[in-house]
Amino acid sequence: MRTHYCGQVTETAVGTDVTVCGWVHRRRDHGGVIFVDLRDREGLLQVVFDPDRAEIFAQAERLRSEFVIQVTGRVRPRPEGTMNANLPTGKVEVLAHALVVHNRAEPPPFQLDDPDVGEDTRLKYRYIDLRRPQMQENLRFRHRVIQHIHRYMDEQGFVEVETPILTRATPEGARDYLVPSRTQPGHFFALPQSPQLFKQLLMVGGLDRYYQIARCFRDEDLRADRQPEFTQLDVETSFLTQDEVMDIMEELFRRLFQEVMHVELPSPLPRMGYAEAMARFGSDKPDLRNPLVLVDIKDLVADSEFKVFAHPAQDPASRVTVLRVPSGATISRSTIDGYTQFVARYGARGLAWIKVNDVAAGRDGLQSPIVKNLSDAALAGILERTHAANGDLLFFGADRATVVSAALGALRLKLAADLDLNRKEWQALWVVDWPMFEFDDKEKRWVALHHPFTMPRVNSADELAGDPANVLSSGYDLVLNGIEVGGGSVRIHHQDIQQAVFRLLGIGLEEAQEKFGFLLEALRAGAPPHAGMALGLDRLIMLMVGAESIREVIAFPKTQTAQDPMTGAPGTVDARQLRELSIRSTAVSKAAANVSG
RNA sequence: GGAGCGGUAGCUCAGCUGGUUAGAGUAUCGGCCUGUCACGCCGAGGGUCGCGGGUUCGAGUCCCGUCCGCUCCGCCA
């Protein structure tokens with residue numbers, strides 16, 4: 001049907017006849033001559049309709065935006081002074097000899113070159129939105145990344161295996177998406193939160209090296225970087241140590257950046273312990289582009305008269321921490337009030353601050369509502385430890401450690417965004433030495449920080465129960481520019497340790513047998529030591545293309561209420577379908593109660 | 001479950017302390033135009049002010065509820 005993509009018709013084609021197909025991007029009708037910018041996935045090409053050819057000129061007058069046409073014509077250089085330097089095809093044009101209108105089109109609901117169209121409109125008409133060059137580029141970039149992954153994994157001896165989408169619900173972890181069984185009334189499949197157990201069983205099955213570009217499903221609330229279905233590069237290996245697995249994945253990561261981004265990442269990537277990440281950055285996924293760091297001052301204020309500081313300083317579960325903002329003294333009171341409200345979201349009950357006007361002047365050089373409460377020694381210690389300089393602003397957090405880390409960790413990110421402090425570079429690192437368990441205060445029970453199949457760093461099952469809070473796991477997370485893009489661990493391959501972990505998580509023998517019996521049996525069937533990882537491809541590609549949301553790199557994403565404005569999913573089904581599935585809905589129809597706009 | 005911001009023409013938005021006929025840009029439609037490329041010029045049409053209720057002589061504007069979109073907290077092993 002065509003000889004060239006529009007975007008590929010350049011000077012080399014001058015003098016030849018070409019046939020191109022595409023969409024009418026824009027029509028400029030000068031009465032006596034008509035220009036059409038014809039668009040396909042490779043770019044734009046100017047087509048000229050001349051009144052000398054009366055018949056197709058008349059046809060061209062009836063062309064409208066987004067009509068699908070086919071043009072045959074002679075490529076010729078544009079007249080002197082009419083070249084368009086902004087287009088790769090800008091030195092040439094095609095004089096139309098023949099025109100076929102393959103399809104007319106309604107005027108599009110939005111203009112393709114309008115950068116400010118609302119996302120709900122874009123998603124409702126995603127098939128039009130996808131025509132925009134940015135979306136085309138995002139999806140093709142994604143394709144290139146995945147092609148590189150396939151090539152690398154194959155080179156490294158990995159075998160791509162598909163695992164079930166219909167599987168069973170498991171306790172722990174995210175809320176499951178359920179699929180009712182018709183043949184087993186009252187029973188449900190669950191969509192996999194990840195292929196975790198299957199890939200472990202593939203190791204027991206002797207595959208040795210498995211990978212899959214796997215869709216995962218989690219029925220939790222959405223964020224800019226979270227969709228209910230998302231894609232992971234899922235990997236599992238046998239007989240490799242933690243470091244060996246990390247090396248393989250790190251090399252993939254580095255090569256992706258080299259080959260797709262032309263960016264050199266350091267080798268090896270830096271590694272940081274979870275404890276250090278929380279202490280210095282208030283986060284388990286620190287953004288190392290950000291120069292701000294948290295500095296603990298517990299010891300400096302422990303015997304202070306100032307109870308707001310002294311009390312947490314004496315509590316082992318709390319921390320007292322300073323965030324120094326270089327040149328931050330120019331930040332206004334109202335802006336600081338805004339930051340106070342900001343940290344309140346994370347549970348902080350206040351945000352103390354000191355403006356450092358003159359370090360040499362000691363107490364008199366400091367401007368703050370709290371200096372009067374602090375001793376000269378404490379103030380001097382704080383200035384010294386934070387390396388405060390004239391013109392700096394110090395923010396303080398004093399509370400339970402989880403609150404301080406969350407609040408000041410978030411404030412650190414917000415300040416960097418507001419003051420444009422982040423270095424323009426790529427900062428990848430591993431976060432290692434994670435705690436195995438965390439105590440959930442609300443549910444009053446231990447939960448696995450990574451997942452329950454992660455190998456705890458203990459010598460025996462008995463060691464676990466003694467001091468769960470201080471058991472480390474062999475988990476590792478890959479963090480890029482402050483976003484978790486992957487994580488993995490060495491897995492438990494002994495049945496007794498797996499049982500002990502279940503027991504600690506409050507999963508009794510019977511429940512473990514019912515829900516994980518197949519895993520426990522497999523671990524008794526000659527399970528090799530194994531370890532693996534998953535890379536979140538949507539997030540990684542979002543970062544690589546510089547998008548603000550994962551939705552920009554997914555062809556048909558869902559909105560924050562997990563709906564698809566285009567298909568209307570999720571939708572209702574008729575009563576017969578429900579009956580076949582032995583299901584009755586208790587929901588009151590939204591449509592009956594309210595028609596939304 | 002919670003917080004914030006938003007919802008007015010196809011799209012992007014303005015609309016003050018409530019007040020006559022709700023505006024702009026763009027898109028669309030018609031006319032003119034032979035070198036434009038966001039073509040230009042002239043003209044026209046286009047509104048359930050998300051939805052429901054309330055206050056008021058009077059509501060796009062105020063109040064309550066609700067739905068939708070986005071960001072975030074919780075949640076996401």
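Worth knowing before you read on, the calculation uses all heavy atoms, side chains too, and leaves out hydrogens, waters and symmetry mates. Letters go in sequence order (proteins before strands), and every chain restarts at 1.
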Contact class for [X] (heavy atom, under 4.0 Å): base, sugar-phosphate, or nothing?
X	result
A:Leu505	nothing
A:Gly118	sugar-phosphate
A:Thr561	sugar-phosphate
A:Met436	nothing
A:Asp29	base
A:Glu93	base
A:Pro51	base
A:Arg76	base
A:Val447	nothing

With respect to the side chain of [X], which nucleotide from [options] is positioned closest?
X	options	answer
A:Asp116	B:rU12, B:rC75, B:rU34	B:rU12
A:Pro107	B:rC37, B:rG30, B:rU28	B:rU28
A:Asp221	B:rU12, B:rC72, B:rG1	B:rG1
A:Pro79	B:rU71, B:rG35, B:rC37	B:rG35
A:Asp37	B:rC37, B:rU36, B:rU12	B:rC37

Please tell me if [X] has a side-chain N or O lying less than 4.0 Å from either OP1 or OP2 of [N].
X	N	answer
A:Arg345	B:rG2	no
A:Lys442	B:rC75	yes
A:Arg26	B:rA38	no
A:Gln193	B:rC76	no
A:Thr559	B:rG69	yes

Salt bridge check: are A:Arg539 and A:Asp225 linked by an N-O gap of less than 4.0 Å?
yes
Are any of the side-chain nitrogens in A:Asp564 or A:Arg126 under 4.0 Å away from the carboxylate oxygens of its partner?
no
To the nearest Å, give me how far apart [atom1] ([X]) and [atom2] ([N]) are.
X	N	atom1	atom2	result
A:Tyr346	B:rG4	OH	P	15 Å
A:Asp120	B:rG69	CG	C1'	5 Å
A:Asn84	B:rA38	CG	P	7 Å
A:Phe342	B:rC5	CZ	P	16 Å
A:Met566	B:rG69	CE	P	15 Å
A:Gln46	B:rU34	CD	P	17 Å
A:Arg27	B:rC29	CZ	P	8 Å
A:Arg39	B:rC37	CZ	C1'	15 Å

State whether the side chain of A:Arg445 and the backbone N or O of A:Leu505 hold a donor-acceptor pair below 3.5 Å, judged by distance alone.
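Flag set: sc A:Arg445 to bb A:Leu505 pair under 3.5 Å.
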If we take the [atom1] atom in both [N] and [M], what is their distance in whole Å?
N	M	atom1	result
B:rU8	B:rG50	P	6 Å
B:rG60	B:rU20	C1'	15 Å
B:rA22	B:rU61	P	15 Å
B:rG47	B:rU28	C1'	15 Å

With side-chain contact (heavy atoms from CB on, under 4.5 Å) as the test, pick out the partner of A:Ile69 among A:Val24, A:Val20, A:Val47, A:Asn103.
A:Val24
With a 4.5 Å limit on heavy-atom distance, are the side chains of A:Arg62 and A:Phe67 in contact?
no
Less than 4.5 Å apart, side chain to side chain, heavy atoms only: is that true for A:Arg122 and A:Met135?
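Yes, close enough: below the 4.5 Å cut-off.
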More than 12 heavy atoms of other groups within 6.0 Å of A:Arg400 CZ:
no
Nearest heavy atom decides the nucleotide; on that basis, is A:Val33 or A:Leu123 closer to the 5' end of RNA chain B?
A:Val33
Map A:Asp440 and A:Thr121 onto RNA chain B by nearest heavy atom, then report which one ends up closer to the 5' terminus.
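Between the two, 5'-proximity favours A:Thr121.
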Check this for me: does the side-chain of [X] come within 3.5 Å of the base of [N] through a donor and an acceptor?
X	N	answer
A:Glu106	B:rG10	no
A:Arg122	B:rC11	no
A:Arg223	B:rG74	yes
A:Arg551	B:rC70	no
A:Gln111	B:rU12	no
A:Asp114	B:rC11	no

Aromatic ring of A:His30 stacked on base six-ring of B:rU36, 5.5 Å, 30°:
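Taking the rule of under 5.5 Å and under 30°, the ring of A:His30 does not stack on B:rU36.
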Decide, applying a 5.5 Å centre-distance limit and a 30° plane-angle limit (both strict), whether A:Phe35 stacks on B:rU36.
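According to the criterion (under 5.5 Å, under 30°), yes, A:Phe35 stacks.
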Please step through salt bridge (Lys or Arg N to Asp or Glu O under 4.0 Å) for the pair A:Lys285 and A:Asp477, ending with a clear verdict.
CA-CA 8 Å; A:Lys285 43 181 192 293; A:Asp477 268 14; over 6 Å; no
